[in-house]
Amino acid sequence: MTPIKFVVGSKVLLSVPKALVNVSLTLPEVIDGVDVSLPELAGDQDGYRILSAPAEAVPQILRDHPDMVAGGIQTYRRHYIDMSGSFDDYMGRFSSKTRSTLRRKHRKLVKDIGGDVEFREYRTPDEMDAFRELALPLSRRTYQAKSLDAGLPESDEAHAERKRLAGDDNVRAYLLCADGKPVSYLYLPIDGATISYAFLGYDPDHARLSPGTVLQLEALDRLFAEERYRYFDFTEGEGAHKAMFGTDSVEACSFFLLKGQVANTMLLKSVDAFDKSIAGAKSLAERTGALAKVRNLLRS
């Protein structure tokens with residue numbers, strides 16, 4: 001079952017479970033703007049959760065399924081790195097100020113973290129066992145796990161999938177360690193010539209040192225050196241980290257597509273109305289805060 005959630009920030013107020021088929025499009029499909037073909041639904045399935053479709057394909061999907069209803073639509077930029085050049089070429093795309101900032105973060109972490117800093121890479125099935133043993137305790141402590149429910153998956157099935165991918169040389173995992181203790185992890189599955197940003201987390205006690213940013217850059221240096229990948233895909237959703245490291249982006253859209261029953265229609269209308277009200281409240285709070293700042297400046 002897939003929950004359809006009513007969410008404020010990272011807090012889920014209400015969750016309605018539905019039997020959905022997840023349809024996730026690859027980055028090359030989104031870049032090429034392909035027509036989206038959905039699999040047949042079984043009789044007991046309620047519809048689809050469509051992830052990162054080309055935004056321009058949404059009208060086509062709705063035309064192809066006139067008996068279904070769409071809702072919970074989220075449009076965003078899907079960021080990615082064009083890895084056709086070298087790591088030096090990639091770094092050259094940043095401004096001199098950004099390059100200086102990234103180098104300074106690296107130096108500051110090495111200087112201030114209080115121990116020997118080590119970057120570790122994991123590729124093989126046996127190495128996935130070692131990665132799991134070190135990364136899971138860290139993942140449980142991270143902001144990603146506690147607030148976003150986006151920690152490294154812990155189930156035996158998820159670990160078996162990591163080992164399967166490693167057996168086919170289709171995964172890279174990284175740890176940033178201080179005195180042998182992990183302070184950040186990064187997990188990247190591979191599909192063809194695309195390597196994807198799946199899970200990243202860092203020790204909240206070291207957040208001021210930007211360990212996730214430092215590990216990301218170290219991983220990219222090693223990945224470019226492999227000369228294997230066409231794209232580094234930051235997958236669905238916005239984020240300052242993705243926007244900073246990405247070289248390009250494409251407009252994408254995620255949404256629910258449910259059978260056109262009255263209950264499903266009312267559910268998705270409620271989700272859309274709720275999301276609109278939250279967005280309006282956030283916009284009002286931002287405007288009110290900006291006005292308050294202006295008033296304070298005028299009084300000073």
Side-chain angles (χ1 to χ4, degrees), residues 9-10 27 76-121 135 138-139 141-148 150-152 172-179 181-188 194-227 229-251 286 289-290 293:
S10 59
L27 178 62
Y76 49 87
R77 303 303 300 183
R78 182 167 176 172
H79 296 278
Y80 63 94
I81 298 171
D82 181 343
M83 299 185 71
S84 56
S86 67
F87 182 69
D88 286 342
D89 294 332
Y90 170 68
M91 291 299 293
R93 299 188 186 189
F94 292 110
S95 67
S96 58
K97 181 179 180 181
T98 299
R99 289 197 301 272
S100 176
T101 298
L102 290 172
R103 286 193 292 267
R104 186 171 65 252
K105 287 179 182 291
H106 191 286
R107 288 195 303 270
K108 182 174 177 59
L109 182 142
V110 171
K111 178 182 177 182
D112 295 356
I113 207 165
D116 293 331
V117 175
E118 180 184 5
F119 296 94
R120 300 181 186 177
E121 182 179 70
L138 170 61
S139 174
R141 300 184 61 237
T142 63
Y143 162 80
Q144 289 80 3
K146 290 183 175 181
S147 299
L148 304 178
L152 188 70
R172 297 290 181 268
Y174 299 92
L175 288 176
L176 168 60
C177 298
D179 284 340
K181 180 181 178 181
V183 295
S184 184
Y185 73 88
L186 179 62
Y187 178 79
L188 311 169
T194 301
I195 186 162
S196 296
Y197 177 92
F199 299 99
L200 177 140
Y202 53 83
D203 187 336
D205 292 342
H206 295 290
R208 65 182 179 82
L209 298 175
S210 305
T213 297
V214 173
L215 181 58
Q216 175 80 66
L217 202 61
E218 179 70 23
L220 285 172
D221 190 359
R222 299 182 184 203
L223 293 170
F224 270 99
E226 290 188 43
E227 298 184 344
Y229 312 104
R230 181 67 179 85
Y231 300 115
F232 186 104
D233 179 17
F234 284 103
T235 68
E236 62 270 1
E238 297 277 5
H241 181 93
K242 300 178 180 184
M244 182 182 73
F245 280 102
T247 61
D248 302 271
S249 66
V250 60
E251 190 174 25
E286 290 173 347
K293 290 179 181 178

Undergrad: For E227, is the CD atom crowded, meaning more than 12 foreign heavy atoms sit under 6.0 Å from it?
TA: no

Undergrad: Less than 4.5 Å apart, side chain to side chain, heavy atoms only: is that true for M83 and R230?
TA: no

Undergrad: Side chains of F199 and T142: does their closest heavy-atom pair fall under 4.5 Å?
TA: no

Undergrad: Roughly how far, to the nearest 0.5 Å, is the CG atom of D248 from the CG atom of L27?
TA: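 That separation rounds to 9.5 Å.
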
Undergrad: Of the non-hydrogen atoms in G237 and Y76, which two are nearest, and what is the gap between them?
TA: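 Where G237 meets Y76 most closely, the heavy atoms are N-CE1, 3.2 Å.
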
Undergrad: Considering the options Y229, Y90, F232, which one meets the ring pair (Phe, Tyr, Trp, His ring centres under 6.0 Å) requirement together with F224?
TA: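 Testing each of Y229, Y90, F232 against F224, the sole residue satisfying ring pair (Phe, Tyr, Trp, His ring centres under 6.0 Å) is Y90.
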
Undergrad: Which is it for K242 and T235 under the side-chain contact (heavy atoms from CB on, under 4.5 Å) test, yes or no, and what are the steps along the way?
TA: CA-CA 9 Å; K242 300 178 180 184; T235 68; 4.1 Å; yes

Undergrad: How about S210 and L109: do any of their side-chain heavy atoms sit closer than 4.5 Å?
TA: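 Not in contact.
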
Undergrad: Compare every heavy atom of I81 with every heavy atom of G246, then report the nearest pair and how far apart it is.
TA: CA-CG1, 4.0 Å

Undergrad: Any side-chain donor paired with an acceptor under 3.5 Å for S84 and D82?
TA: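 Yes, side-chain donor-acceptor contact under 3.5 Å.
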
Undergrad: Does the side chain of K105 pick up a donor-acceptor pair with the side chain of T213 at under 3.5 Å?
TA: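 Result is no, nothing qualifies.
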
Undergrad: Does any part of the side chain of L176, heavy atoms only, come nearer than 4.5 Å to the side chain of E218, both counted from C-beta?
TA: no

Undergrad: Parallel, tilted or perpendicular: which one describes the rings of H241 and F245, with boundaries at 30° and 60°?
TA: tilted

Undergrad: Does V214 reach the side chain of V117, with side-chain heavy atoms less than 4.5 Å apart?
TA: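 The answer is no; the side chains never approach within 4.5 Å.
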
Undergrad: Applying side-chain contact (heavy atoms from CB on, under 4.5 Å), run through R141 and D205 and close with a yes or a no.
TA: CA-CA 10 Å; R141 300 184 61 237; D205 292 342; 3.0 Å; yes

Undergrad: Is there a side-chain contact (heavy atoms from CB on, under 4.5 Å) between D233 and R78 once you walk through the steps?
TA: CA-CA 8 Å; D233 179 17; R78 182 167 176 172; 2.5 Å; yes

Undergrad: Less than 4.5 Å apart, any side-chain heavy atom of L102 and any of Q216?
TA: no

Undergrad: Using every non-hydrogen atom in the two residues, find where E121 and R222 come nearest and quote the distance to one decimal.
TA: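 Smallest heavy-atom distance, with atoms named: CB-NH1, 3.8 Å.
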
Undergrad: So which heavy atom on L200 is nearest to which on G212, and how close?
TA: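 The pair with the smallest heavy-atom distance is CD1-O, 3.9 Å.
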
Undergrad: List the atom of S139, the atom of G151, and the distance in Å for their closest heavy-atom pair.
TA: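 Heavy atoms only, the tightest pair is OG-CA, 3.4 Å.
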
Undergrad: Would you compute the distance between atom CG of L188 and atom OH of Y174 and round it to the nearest 0.5 angstrom?
TA: 6.5 Å

Undergrad: Could you walk me through whether F87 and L217 pass the side-chain contact (heavy atoms from CB on, under 4.5 Å) test, one step at a time?
TA: CA-CA 10 Å; F87 182 69; L217 202 61; 4.2 Å; yes

